[in-house]
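Atom set for the values below is all heavy atoms of this structure, side chains included, hydrogens, waters and symmetry mates excluded.
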Amino acid sequence: MFHSSSPKTFEYSVRESRRVRGVKIAVKPYQGIEVIVPPRFPRRQIGGILQQHAGWLNRQLEKHADSFTQAELPDQLHFPLCDAHFPVAYIADRKPGFRLVDSTLQIRHST
């Protein structure tokens, strides 16, 4: 009996590097799958390459599953040294950093 299963699609990021000659696949904790390709590599080939390595990718993703869960960010921070509490606002920005604005700690993070 023939079983047809559709190929699994993977979410991944792509990075170009002049240092690689072929395709390099990395599964990074807290980041996921990163595909490193040489400049001008045809992006349409990446999906097929990931399918060829689906077994390995699934094992790596399972191994690092705990690191891919979204962290719960606090809505308030306590600084015991000065016994101060500050509400926290998380703001997506190109320039990460933090500052205190009107008694609220603004934490700027890259997306």
Side-chain angles (χ1 to χ4, degrees):
M1 179 176 216
F2 177 75
H3 293 283
S4 173
S5 62
S6 60
K8 180 176 180 176
T9 57
F10 295 98
E11 289 186 28
Y12 60 91
S13 62
V14 178
R15 179 170 54 95
E16 280 190 8
S17 173
R18 288 188 289 257
R19 293 180 174 184
V20 296
R21 300 237 183 257
V23 175
K24 181 180 176 188
I25 303 170
V27 178
K28 297 183 172 189
Y30 305 102
Q31 294 177 5
I33 299 171
E34 180 181 52
V35 181
I36 304 126
V37 296
R40 296 182 298 281
F41 183 84
R43 305 288 172 107
R44 66 185 174 278
Q45 293 182 11
I46 294 174
I49 293 169
L50 293 176
Q51 288 307 309
Q52 291 173 358
H53 299 281
W56 178 81
L57 283 167
N58 285 325
R59 287 190 300 277
Q60 294 303 308
L61 291 169
E62 189 174 309
K63 177 179 170 182
H64 298 293
D66 290 344
S67 71
F68 298 127
T69 57
Q70 187 68 29
E72 288 191 34
L73 301 173
D75 57 359
Q76 186 177 156
L77 290 176
H78 177 238
F79 294 88
L81 187 62
C82 58
D83 194 33
H85 289 80
F86 295 101
V88 179
Y90 299 95
I91 302 168
D93 197 337
R94 286 184 285 161
K95 292 181 76 174
F98 61 92
R99 65 182 175 185
L100 191 61
V101 177
D102 296 326
S103 298
T104 298
L105 183 60
Q106 291 183 349
I107 299 178
R108 298 180 180 281
H109 60 89
S110 58
T111 55

For a 4.5 angstrom cut-off between non-hydrogen side-chain atoms, does [X] reach [Y]?
| X | Y | result |
| --- | --- | --- |
| Val20 | Phe41 | no |
| Pro29 | His64 | yes |
| Val14 | Val37 | yes |
| Phe10 | Asn58 | yes |

Drop me the distance from [X]'s [atom1] to [Y]'s [atom2], to the nearest 0.5 angstrom.
| X | Y | atom1 | atom2 | result |
| --- | --- | --- | --- | --- |
| Tyr12 | Leu57 | OH | CG | 11.5 Å |
| Arg99 | Thr104 | CZ | OG1 | 11.5 Å |
| Lys28 | Glu34 | NZ | CD | 4.0 Å |
| Asp93 | Gln106 | CG | CD | 9.5 Å |
| Trp56 | Leu50 | CH2 | CG | 10.0 Å |

Least distance between heavy atoms, [X] atom then [Y] atom:
| X | Y | result |
| --- | --- | --- |
| Ser103 | Pro87 | O-CD, 3.3 Å |
| Arg108 | Lys95 | CB-O, 3.7 Å |
| Ile49 | Ile25 | CG2-CD1, 4.0 Å |
| Pro74 | Val88 | O-CB, 3.9 Å |
| Pro39 | Arg18 | CG-CG, 3.6 Å |

Are more than 12 heavy atoms, taken from residues, nucleotides or ligands other than Gln76, located less than 6.0 Å from that residue's CD atom?
yes
Is it the case that more than 12 heavy atoms not belonging to Phe98 sit under 6.0 Å from its CZ atom?
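It does not: Phe98 CZ has 12 such atoms or fewer within range.
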Residue that, paired with Phe79, satisfies side-chain contact (heavy atoms from CB on, under 4.5 Å) out of Asp83, Leu81, Leu77
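The option that passes is Leu77.
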Any chance you could lay out the side-chain contact (heavy atoms from CB on, under 4.5 Å) test for Val35 and Lys24, step after step, and finish with the verdict?
CA-CA 6 Å; Val35 181; Lys24 181 180 176 188; over 6 Å; no
Report whether Val23 and Val27 are members of the same hydrophobic cluster (ILVMFWY, side-chain heavy atoms less than 4.5 Å apart, transitive linking).
yes
Between Val101 and Leu105, is there a shared hydrophobic cluster once you connect ILVMFWY residues whose side-chain heavy atoms come closer than 4.5 Å?
no
